[in-house]
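Both ligands and their constituent atoms are indexed starting at 1 by order of listing. The model shown is predicted, which means the values in this text are computed figures rather than measured ones.
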Amino acid sequence: MAGSDRVPDAAATLDAFRIEIPSWGFANTGTRFGKFLQAGAATSLEEKFADASQVHALTGVTPQLALHVLWDLPNGTSDASKVKELARHYGIQPGSVNPNLFQDQAYKLGSICNPDRAVRHMAIDHLVESVKIAKELDSTDVSLWISDGSNYPGSQSIRNRIVWLEEALQTTHDELRGDQRMLIEYKPFEPAFYHTDVADWGMAAQLAKVAGPQARVLVDTGHHYQSQNIEQIVAWLLHIQLLGGFHFNDRRYADDDLTIGSIDPYQVFRIFHEILSEPNSEQITKIAFMIDQSHNIKGKMEAMVQTVMVAQELFLKASLVDRQKLSELQRAGRIVDAEECLRSAFWTDVRSMIEEWRSKRGLPPNPLEALRESGYVERIESERGQRNAARASTYA
Ligand code: PSV
Ligand code: MN
């Protein structure tokens, strides 16, 4: 095993690891072709908080729940007190606040990039309202996915839209409290298929710079073209001090939102390795690790617990890389040894270390098994089942 002297740090590594879970991960979802509704899916905010608190009780590392404004606070700031009450009751803090710039009929040609000034202002108002919600909830991060784009060459002015983007992000940034951040998430395509206004990390980084000092880039691991080197992007964002956080999921073809590490666990490991190679530990602690998933086939609760467990495993594996040895090998040009140094940490089976860590903290050694034994899924299926069968909506 690479640097077995590093194993004693495992507990500290795991103590420091937290991952935010998304409210929409507990709700019914699907593809544009159809949805397979789940009897136990959450359809109210209270159910999402209840599910999140169960995941936290089992894993001990998910104290925060990401909220999507339109789905979770349809009445904007006036819903904030209800959220705070649920947060208190379930012992789960509201996490990132996610404005919704993609569902209103008015956004057919875009939201903050819409050629119609009135629509742009409507979208900016929603962003400003989202910052107010975040302030009310004491949430640090307002996380923006700007879905704007166009489907046909010539149908929109890419240049005008850059200016509108800058204006909207600056206005939103101005509303932030001193300790709050704005995260800008990029995505190459979908829902637009010719151009997307914030298509890659370079555009997101440039916009973050223009927006203001509290803006950062959010890397959704599913938002890259095939075979793109995501850890290199992470290294660059760390270098320019603009890495704000992650939406973790895995992909095989496009933005598939599969379970993290289910297709390429080595890539997630390499991303964590780049993060842990950052010499400024303060920068590392500010990176928001978040899950972005909403499974159509897997059971919602099982999928969330499994994802959290996989993320912990890959993070711990990356912490085992003997970075000092690695850098010596790199300097000496010992290519195979350097690669083996990385690989041996990846191939270390860390599950018993995590089980021990959990046991010492009064957590079930295997959260997935504990979930099954708890009867929680059966209970919510029977409580929510009938009502859910009657529903056909997506993100209810
Ligand atoms: C868009 O694909 C995205 O990754 C954004 O983060 C949205 O908020 C989320 O998915 C919705 O599921
Ligand atoms: Mn995302």
Side-chain angles (χ1 to χ4, degrees), residues 19-32 35 41-42 48 52 64-74 94-104 107 110-112 123 126-127 130 133-134 139 141-149 172 181-193 196-201 203-204 207 216-225 228 230 233-234 237 243-260 268 271 287-298 300 303-304 307 311 393-396:
I19 193 158
E20 183 172 306
I21 51 182
S23 69
W24 54 98
F26 299 109
N28 268 322
T29 184
T31 68
R32 62 200 163 110
K35 288 145 207 145
K48 293 172 188 173
Q64 290 192 320
L65 182 67
L67 300 168
H68 231 290
V69 174
L70 208 63
W71 305 333
D72 298 325
L73 296 101
S96 58
V97 170
N98 293 253
N100 189 312
L101 297 173
F102 47 91
Q103 274 186 312
D104 200 289
Y107 296 154
S111 61
I112 53 178
H126 177 65
L127 293 180
S130 300
I133 291 171
S139 290
D141 292 337
V142 179
S143 192
L144 307 187
W145 172 50
I146 299 141
S147 51
D148 294 25
T172 311
R181 307 188 305 171
M182 173 203 276
L183 306 182
I184 303 172
E185 179 176 1
Y186 58 91
K187 176 169 173 171
F189 67 92
E190 194 199 37
F193 293 105
T196 294
D197 289 292
V198 189
D200 66 24
W201 73 277
M203 297 174 204
L207 286 167
R216 297 282 182 279
V217 176
L218 186 138
V219 179
D220 183 315
T221 42
H223 293 186
H224 300 89
Y225 288 117
Q228 204 161 354
I230 303 176
I233 294 172
V234 169
L237 287 172
L243 181 61
F246 288 89
H247 272 180
F248 282 119
N249 49 59
D250 211 339
R251 70 187 288 288
R252 178 70 183 83
Y253 298 101
D255 186 22
D256 310 331
D257 281 354
L258 301 177
T259 303
I260 184 176
V268 185
I271 290 171
I287 300 169
F289 293 145
M290 299 177 270
I291 295 168
D292 185 0
Q293 69 179 33
S294 188
H295 289 272
N296 190 19
I297 308 292
K298 276 183 178 172
K300 305 282 174 190
M304 197 63 79
T307 295
S393 64
T394 311
Y395 296 107

OD2 (Asp220) to the Mn ion (ligand 2) to OE2 (Glu185), nearest 10°, is 90°
With His224 as partner, the option from Tyr186, Trp201, Phe189 fulfilling ring-ring contact (aromatic ring centres under 6.0 Å, His included) is Tyr186
Inset, instruction - Please state whether Glu190 comes within less than 4.0 angstrom of ligand 1, counting heavy atoms only. - result: no
State, yes or no, whether a side-chain contact exists between [X] and [Y] at a heavy-atom distance under 4.5 Å.
X	Y	answer
Ile112	Asp148	yes
Lys35	Asn28	no
Asp292	Glu185	yes
Tyr225	Asp200	no
Lys300	Thr29	yes

By number and element, which atoms of ligand 1 are closer than 4.0 Å to a non-hydrogen atom of [X]?
X	value
Trp145	1 (C), 5 (C), 7 (C)
Lys187	1 (C), 2 (O)
His247	6 (O)
His68	7 (C), 8 (O)

**Study point:** For the student: nearest non-hydrogen atoms of Ala311 and Ile19, plus distance
**Key:**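 The pair with the smallest heavy-atom distance is CB-CD1, 3.9 Å.
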The Mn ion (ligand 2) -> His247, closest N, O or S atom is ND1
- Query: Which single N/O/S atom of Asp292 lies at minimum distance from the Mn ion (ligand 2)?
  - Reply: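 The nearest such atom is OD2.
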Problem - Whether His223 has an N, O or S atom under 2.8 Å from the Mn ion (ligand 2) - result: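 Short answer: no, not a single N, O or S atom is under the cut-off.
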The residue among Asp255, Asp220, Thr196 that forms side-chain hydrogen bond (donor to acceptor under 3.5 Å, both in side chains) with Lys187 is Asp255
Purely on distance, is any nitrogen or oxygen of [X] under 3.5 Å from one on ligand 1?
X	answer
Asp292	yes
Asp255	yes
Asp220	yes

